[in-house]
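For reference, the structure is listed below as structure tokens.
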Amino acid sequence: MLDQRLIRENPSLVADSLARRGLNVDLSTLQKISSHQKDLEVERSNLQAKGNNIGKEVGQRLKNGATPSSKEIADLRLLGNEVKQKVSLIEEKEKAISKTLKEELLKLPNLPSIECPDGKDEKDNKEIRRWGIPKRGKDLQNHWEIAERLDLFETERSAKIAQSRFVTLINQGARLERALINFMLDLHSSKGYKEVLPPVLVNSASLTGSGQLPKFAEESFRCADDDLWLTPTAEVPVTSLHREEIIPMKDLPLKYVAYSPCFRREAGSYGRDTRGLIRLHQFNKVELYWFVHPEESKAAHLEITKDAEAVLQELELPYRVIELCAGDLGFSACRTFDLEVWLPGAKAFREISSCSNCEAFQARRSSIRTKQEKATQLLHTLNGSGLAVGRTMAAILENGQQSDGSVSLPQCLIPYFGDTQLSPE
RNA sequence: GGAGAGGUGGCUGAGUGGUUGAAAGCGGCUCCCUGCUAAGGAGUUACAGGAGGCAACUUCUGUCGAGGGUUCGAAUCCCUCCCUCUCCGCCA
């Protein structure tokens, strides 16, 4: 959520910034609503002060011996009633206007950072750096071809269980997924991250707090009979871990690593990535999440990205780092680095992690603040995948494929998997 | 799912209609005292929003789980919802 005050006092700055996202909004109405709400608040609180004084006056006089039925008391009551009526009239207006204001504010995305490059869509994203040498060759297979040969997952049977875009991992596939999750959690924990295994069902307040609602309701699965949704990312529950809290400054930064399955409808992606592990309704992800002091978030952003990169490096998977342009930023982010892993079978880089600085955007929606001495202020939040597990498995299969049909595993996975390679059974 | 109890400040815990944002204790912070430590003394210690001021700050409003209601006045009375705990049932 954006700062209401900023919209009130400098709407053109906000509008210009949103325009960098390709969003052309007229903020004049919102500005008007906001200042009207403020006026009503002043009027109401003045009246309430008057009412409070009448109440105190009555109490005082009764204490001094006035009879409850006397004229002086009756007059005060009359006056009190009058004030009360006026207050409730204003309150009614105020409530309506605040509701509209809140609704509109929740629909606006975060402002891109000054550092975020201009651009319209993903074609304008900037490559920052590369790591590793992409494997190339004529006979390299796609990961689903390798998986089929090694019997790693069930696709058609999964549609029977659930739908298309679900997968059932089996045999070495199931074991490798488990190994990857454990490896990632251990790696991050060893660097001081606190491990979290959050609920997978989250309520509307949590989804609103991290920015998925109200705009992206159609992207999540909902439980019909409850105010609960299947979480699209651990970012949601972890944000709400500290919703409506004030975290002492000495406790910052808080660094969490959370494993969770993630559920997404992938609406509007019909026909894309229909095979394999790239785009599923359910996938596993290990997520990094930081709560930091506002002045630390820029540095933290670089660090969280490095922590995500470390996973790829340990796994010996070539990748590149892309900085998203303003037009390609996610709703809550003000600056984002994507990590794209090299898939030799697909002969392409594919997104495997997205590391974003949300600054105070989620903190304002979720009311998460920090405090030193008397000063309370919103803190900043950052998130990054470390990593998307399904896509990691795809990358491992494609990058580790051998001419004899086996898949060799990176050194770091061997203790977790219990073998040096995946081999035909 | 059934029955009961309860939700008050960082914590414990008073408060059943009148200047109560809330006693007391603990904890935290500041200062004083004291060779050190321990002990002691004084003060201070919620959040949000607004108005005024460059600012320190002053002031107003709201908040005792949430939302309504009664009343001149509600932490206190009434209604609805949410949550927690105990017992029973069920269950991984």
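A note on names: the letters A, B, ... follow the listed sequences, proteins ahead of strands, and every chain is numbered from 1. Hydrogens, waters and symmetry mates are skipped; everything else that's a heavy atom, side chains included, is used.
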Rounded to whole Å, please give me the gap between CG in A/Asn53 and C1' in B/U59. 13 Å
Whole-Å gap separating P (B/G21) and NZ (A/Lys56): 7 Å
Looking for any heavy atom pair under 4.0 Å, which part of the strands does A/Arg5 touch: base, sugar-phosphate only, or nothing? sugar-phosphate
Which value, in whole Å, describes the distance between the C1' atoms of nucleotides B/G13 and B/C31? 29 Å
In whole angstrom, give me the gap between the C1' atoms of B/G65 and B/G7. 6 Å
Report the nucleotide, chosen from B/A51, B/C72, B/G62, that has the shortest atom-to-atom distance to any side-chain atom of A/Lys38. B/A51
Partner of B/C91 under the Watson-Crick or G-U wobble criteria, both distances under 3.5 Å, comes out as none
Under 3.5 Å on both distances, the Watson-Crick or G-U partner of B/G4: B/C85
Which residue, A/Lys38, A/Lys99, A/Arg44, forms the salt bridge (charged side-chain N to carboxylate O under 4.0 Å, His left out) with A/Glu94? A/Arg44
Contact class for A/Asn52 (heavy atom, under 4.0 Å): base, sugar-phosphate, or nothing? sugar-phosphate
Base-pairing assignment for B/A46 (Watson-Crick or G-U wobble, both under 3.5 Å): B/U63
What's A/Lys50 touching, base or sugar-phosphate or nothing? Going by heavy atoms closer than 4.0 Å. nothing
I'd like to know if the side chain of A/Ser35 and the backbone of A/Gln31 have a donor-acceptor N/O pair within less than 3.5 Å. yes
Using a 4.0 Å heavy-atom cut-off, does A/Val42 contact any base of the nucleic acid, only the sugar-phosphate backbone, or nothing at all? sugar-phosphate
Closest nucleotide among B/G50, B/C60, B/C47 to the A/Thr376 side chain: B/C47
Quick one: A/Gln48 CD to B/U61 P, roughly how many Å, whole number? 8 Å
To the nearest Å, give me how far apart CG (A/Leu40) and P (B/G49) are. 18 Å
At 4.0 Å (heavy atoms only), tell me whether A/Lys84 reaches a base, stays on the sugar-phosphate, or touches nothing. base
Pairing partner of B/U16 (Watson-Crick or G-U wobble, both distances under 3.5 Å): none
Scan A/Arg364 against the nucleic acid and name what it touches under 4.0 Å (heavy atoms): base, sugar-phosphate only, or nothing. nothing
A/Glu244 CD - B/A48 C1' separation (whole Å): 12 Å
With no hydrogens and no angle check, just 3.5 Å: does a side-chain donor-acceptor pair link A/Ser406 and A/Ser423? no
Between A/Ser98 and A/Gln37, is any side-chain donor less than 3.5 angstrom from a side-chain acceptor? yes
Please report, rounded to the nearest Å, how far the P atom of B/A48 is from the NZ atom of A/Lys102. 15 Å
B/U76 pairs with, by Watson-Crick or G-U criteria that keep both distances under 3.5 Å: none
Between A/Leu78 (CG) and B/C72 (P), how many Å, whole number? 9 Å
Let me know the distance between CG of A/Asp226 and C1' of B/C82, rounded to the nearest Å. 14 Å
Look through every strand shown and name the nucleotide pairing with B/C36 as Watson-Crick or G-U wobble, where both distances are under 3.5 Å. none
Are A/Thr239 and A/Ser210 linked by a side-chain donor-acceptor pair shorter than 3.5 Å? no
If you assign A/Gly51 and A/Gly59 each to the RNA chain B nucleotide with the nearest heavy atom, which residue ends up on the more 5' nucleotide? A/Gly59
Counting only side-chain heavy atoms from C-beta out, which of B/C60, B/C72, B/G18 sits nearest to A/Ser45? B/C60
For B/C31, the Watson-Crick or wobble counterpart (both distances under 3.5 Å): B/G41
How far does the C1' atom of B/A92 sit from the matching atom of B/U8, given to the nearest Å? 37 Å
Quick one: on RNA chain B, does A/Leu76 or A/Arg369 contact a more 5' nucleotide (nearest heavy atom)? A/Arg369
With A/His188 as reference, evaluate A/Tyr259, A/Tyr193, A/Tyr256 under the ring pair (Phe, Tyr, Trp, His ring centres under 6.0 Å) test and give the passing residue. A/Tyr193
Check the side chains of A/Glu359 and A/Asn110 for a donor-acceptor pair under 3.5 angstrom, ignoring hydrogens and angles. no
May I ask which nucleotide in the shown strands pairs with B/C11, Watson-Crick or G-U wobble, both distances under 3.5 Å? B/G25
Answer with base, sugar-phosphate or nothing: what part of the nucleic acid does A/Ile246 contact at a heavy-atom distance below 4.0 Å? sugar-phosphate
